[in-house]
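All of these numbers come straight from a predicted model, not from anything done at the bench.
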Amino acid sequence: MEAWTERYRLYKKMNKLFKEIIHETDVYSTDWEFSTRNLSHFLKLWSNNNLVLEESLHSEGMATLKMADFHVEHYFKKILYNLGGPQLDLGKDYEWWKAKNLKRDRSERLFGQYQSDKNVKVMATLDNASTKEEIDLLLENGMEIGRINCAHGSPGDWLRLIQIIRNSEHNSKRCKVFMDIPGPKIRIEKILYNPYTVKIQSKNLKKPIYGLIRKDALPTVNMQDCLFEIEIKQSSLFEQISPGDDIHIKLIDTRYGTLKVVDILSEQVLLVESEGTFEINQKFKLDFGGQEMEITDIKTIPSFIKVKKGSVIRIYFNGDSFRRMRGNRQCACLTVSHPNALKNVGLNDSVYFDDGIVFGKVKRLTPDFIELLILSPNEKSKKIKEGKGINFPDSFVHLLLSTPTQEDLSLLPFLIEHADIIGLSYVNHPKDIKKMADILHAYGREDIGLVAKIETKEGIRQLSRIIETGLSYSNFGVMIARGDLAVEAGFQNLLTIQENILRMCHAAHVPVIWATGVLNELTKNGAPTRAEISDVYLASQTDCIMLNKGEFLNDSVKLLNLLMQNSIALHSYYRDDGMEFFRAQKDLLEE
């Protein structure tokens with residue numbers, strides 16, 4: 001009797017919650033209405049503190065509330081019936097399996113048909129320098145979607161990759177092309193000045209290292225195979241220098257290396273070479289025959305700076321401001337894309353470089369620049385390069401940025417001609433999706449997939465409205481872009497945020513891409529970590545997993561396909577993972 005009393009109390013709680021969430025007027029005549037209404041039901045359900053209710057359901061052997069995501073109304077009616085309530089109309093037009101199949105249909109429309117033994121697509125990011133042999137191997141080992149990041153390279157680079165894919169793919173198995181438009185990403189545009197020690201080295205240890213010595217008033221000279229430029233204050237000694245002469249790198253009375261003059265390119269530019277790796281900064285001098293040349297700047301090619309705790313960086317709003325104030329020799333100086341967005345930056349705002357590898361705080365604001373104090377890494381310095389991203393999660397920079405940007409719009413004719421799926425970066429508002437959907441509609445290309453990349457605080461805040469707007473487009477998906485997302489939301493919040501985005505997409509029957517950092521150590525260095533394998537398990541609940549580019553990308557594609565062909569990839573909370581293992585353990589225990 002006591003057990004039935006507890007079950008009746010649980011029935012009353014569930015029935016009360018059901019009536020708060022589901023209304024008799026809820027009618028679905030289209031898939032869009034059904035999905036948006038189910039998302040609304042889901043959000044109402046999880047706006048409550050359900051911990052006690054979850055424990056009560058568990059005690060009665062009932063399914064977890066997380067099982068409600070795909071069809072909240074169906075779930076409640078089934079639970080109420082199983083608790084002893086009357087049979088309720090389950091809604092024949094939109095029953096449980098139709099909700100599951102709706103998600104599957106949308107995923108196949110966006111990503112292509114799935115294999116019977118594999119429920120997750122594998123997307124691989126291509127390097128602009130990828131060869132036909134490399135792409136052939138990726139296709140052979142299971143790359144189903146090739147990603148091209150349009151923040152790097154040119155239309156010529158991208159067209160070459162697309163042509164290789166089209167010429168290499170199997171007729172029966174088409175590889176989709178996913179193209180990210182850059183969006184309003186704040187990136188390091190140009191490193192203007194670097195006061196910190198630079199290590200000059202070449203990947204090929206057998207070849208000499210070439211570089212330039214030039215007067216600082218000259219514009220940068222682009223020379224193929226040159227890895228550095230050393231700017232000096234005066235070039236009067238160049239008149240005495242001939243090819244074959246040695247120029248020594250000195251600090252006080254100690255030599256730290258020798259540069260041999262290869263050629264005299266002009267009265268103020270020397271081509272030099274070094275036999276091996278060397279380090280140099282502005283405190284060093286260049287010595288020729290006992291006469292010294294003062295160093296004013298050092299540029300690496302490609303350009304980067306190494307910073308750690310205590311380093312100072314100035315971000316100038318434009319290069320002219322830097323040139324007016326060039327007397328400063330204490331901190332690194334750089335410019336960024338979208339400098340107008342920095343008008344909202346305030347004192348003590350957090351700043352992250354390269355997906356959080358380097359972290360600092362804003363310590364000074366002027367009309368010409370903002371100054372940052374680097375707080376991490378603590379000991380070993382980290383390299384940040386031109387083109388890498390910068391995040392200002394505290395500064396509301398999105399209010400001064402538009403998505404898509406004018407640059408994005410200029411790329412669209414190329415993307416519309418060649419892309420199967422377009423990734424819209426830094427989606428902050430539903431109007432961003434509508435603008436892009438309207439453009440695709442105007443071109444008559446609603447067959448092209450449109451993916452909203454969720455990677456900002458504002459994108460998270462507006463997520464339900466972004467999904468609702470995206471559902472009105474015929475071919476829509478969401479990417480959990482965890483690189484910027486972790487920095488924007490805070491690494492400590494990433495686990496919760498990524499799961500919440502995933503479950504909201506499940507509730508709206510929207511395809512999801514799990515992106516950034518998947519098998520990163522394997523892709524970059526050739527061996528996965530234990531944590532990466534666990535991450536793949538989480539990722540297997542999505543419809544597509546994206547891999548970043550790297551030297552061992554092919555190994556990651558191969559491993560990911562192997563993992564996804566196991567029971568790990570089943571879209572079910574009742575996985576049969578380890579069935580044989582547990583059966584053997586049972587038999588062992590019963591011996």
Those residues that, when tested against [X], pass side chain to side chain donor-acceptor pair (under 3.5 Å) (two or more places apart):
X: S395; result: D349
X: N520; result: none
X: T197; result: N281
X: N348; result: K363

So, the side chain of [X] versus the backbone of [Y]: is there a donor-acceptor pair under 3.5 Å, distance only?
X: D245; Y: I241; answer: no
X: R214; Y: Q268; answer: no
X: N548; Y: G517; answer: yes
X: D246; Y: T258; answer: no
X: D263; Y: L265; answer: no

Sorted by first residue and then second, give each ring-ring contact (aromatic ring centres under 6.0 Å, His included) pair with at least one member in residues 365-411; sequence neighbours left out.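 Matches after skipping sequence neighbours: Y316-F369.
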Please collect all ring-ring contact (aromatic ring centres under 6.0 Å, His included) contacts where either partner lies in residues 228-274, sequence neighbours excluded, each pair once.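 Qualifying pairs: F228-F278, Y256-F284.
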Between R482 and T516, is there a side-chain donor-acceptor contact under 3.5 Å, judged purely by atom types and distance?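 No, R482 and T516 have no side-chain donor paired with an acceptor closer than 3.5 Å.
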Just by distance, no angles: are the side chains of D136 and S168 close enough, under 3.5 Å, to form a donor-acceptor pair? yes
[X] side chain near [Y] side chain, heavy-atom distance below 4.5 Å:
X: D157; Y: S154; answer: yes
X: M293; Y: Q234; answer: yes
X: P302; Y: E386; answer: no
X: R461; Y: K457; answer: no
X: Q498; Y: L538; answer: yes
X: V122; Y: I545; answer: no
X: M179; Y: I162; answer: yes
X: S350; Y: K361; answer: yes

Go through the structure and list residues passing side chain to side chain contact (heavy atoms under 4.5 Å, CB included) with [X], not counting sequence neighbours.
X: A129; value: D127
X: L365; value: V345, L347, V362, I370
X: E267; value: none
X: D320; value: N318, R323, R324

From [X] [atom1] over to [Y] [atom2], what is the distance, rounded to the nearest 0.5 angstrom?
X: K132; Y: N167; atom1: NZ; atom2: CG; answer: 7.5 Å
X: L138; Y: M143; atom1: CG; atom2: CE; answer: 5.0 Å
X: E134; Y: L139; atom1: CD; atom2: CG; answer: 12.0 Å
X: N525; Y: D555; atom1: CG; atom2: CG; answer: 12.0 Å
X: I315; Y: I186; atom1: CD1; atom2: CD1; answer: 8.5 Å
X: L547; Y: T125; atom1: CG; atom2: OG1; answer: 7.5 Å

Counting heavy atoms not belonging to [X], are there more than 12 under 6.0 Å from its [atom1]?
X: K431; atom1: NZ; value: no
X: Q406; atom1: CD; value: no
X: K385; atom1: NZ; value: no
X: K308; atom1: NZ; value: no
X: Q240; atom1: CD; value: yes
X: K524; atom1: NZ; value: yes

Is it true that D287 and K285 have a side-chain N and a carboxylate O under 4.0 angstrom from each other? no
Mind running side chain to side chain contact (heavy atoms under 4.5 Å, CB included) on L563 and Y537 for me, showing each step along the way? CA-CA 9 Å; L563 293 173; Y537 185 87; over 6 Å; no
Using residues 269-276 as the side-chain source, report each donor-acceptor pair under 3.5 Å to any protein atom, sequence neighbours left out, with the distance given to one decimal.
{"from": "S274", "atom 1": "OG", "to": "G276", "atom 2": "N", "distance (Å)": "3.3"}
{"from": "S274", "atom 1": "OG", "to": "G276", "atom 2": "O", "distance (Å)": "2.7"}

Could you go through T277 and K199, starting from their C-alpha distance and side-chain angles, then the distance that decides it, and tell me whether this counts as side chain to side chain contact (heavy atoms under 4.5 Å, CB included)? CA-CA 7 Å; T277 299; K199 187 174 184 178; 3.6 Å; yes
Kindly determine whether L560 and M123 satisfy side chain to side chain contact (heavy atoms under 4.5 Å, CB included), including the steps that lead there. CA-CA 10 Å; L560 195 54; M123 181 192 300; over 6 Å; no
Going through the checks in order, is the salt bridge (Lys or Arg N to Asp or Glu O under 4.0 Å) test met by E229 and K299? CA-CA 5 Å; E229 289 184 8; K299 296 185 185 299; over 6 Å; no
Quick one: side chains of residues 407-428, donor-acceptor pairs under 3.5 Å with protein atoms, not counting sequence neighbours, listed by atom name and distance.
{"from": "D408", "atom 1": "OD1", "to": "G183", "atom 2": "N", "distance (Å)": "3.0"}
{"from": "D408", "atom 1": "OD1", "to": "T405", "atom 2": "OG1", "distance (Å)": "3.4"}
{"from": "D408", "atom 1": "OD2", "to": "G183", "atom 2": "N", "distance (Å)": "3.2"}
{"from": "D408", "atom 1": "OD2", "to": "T405", "atom 2": "N", "distance (Å)": "2.9"}
{"from": "D408", "atom 1": "OD2", "to": "T405", "atom 2": "OG1", "distance (Å)": "3.1"}
{"from": "S410", "atom 1": "OG", "to": "E407", "atom 2": "O", "distance (Å)": "2.6"}
{"from": "D420", "atom 1": "OD1", "to": "R174", "atom 2": "NH1", "distance (Å)": "2.9"}
{"from": "D420", "atom 1": "OD2", "to": "R166", "atom 2": "NH2", "distance (Å)": "2.9"}
{"from": "D420", "atom 1": "OD2", "to": "R174", "atom 2": "NH1", "distance (Å)": "3.2"}
{"from": "D420", "atom 1": "OD2", "to": "V177", "atom 2": "N", "distance (Å)": "2.8"}
{"from": "S425", "atom 1": "OG", "to": "I181", "atom 2": "O", "distance (Å)": "2.7"}
{"from": "S425", "atom 1": "OG", "to": "K453", "atom 2": "NZ", "distance (Å)": "3.3"}
{"from": "Y426", "atom 1": "OH", "to": "K185", "atom 2": "NZ", "distance (Å)": "3.1"}
{"from": "Y426", "atom 1": "OH", "to": "D484", "atom 2": "OD2", "distance (Å)": "2.9"}
{"from": "N428", "atom 1": "OD1", "to": "T456", "atom 2": "OG1", "distance (Å)": "2.5"}
{"from": "N428", "atom 1": "ND2", "to": "Y426", "atom 2": "O", "distance (Å)": "3.4"}

Please give me the minimum heavy-atom distance between H429 and I466, naming the atom from each residue.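 Scanning both residues, the minimum pair turns out to be C-CG1, 3.9 Å.
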Test side chain to side chain contact (heavy atoms under 4.5 Å, CB included) on K190 and F322; report intermediate values, then the result. CA-CA 12 Å; K190 190 170 183 60; F322 167 73; over 6 Å; no
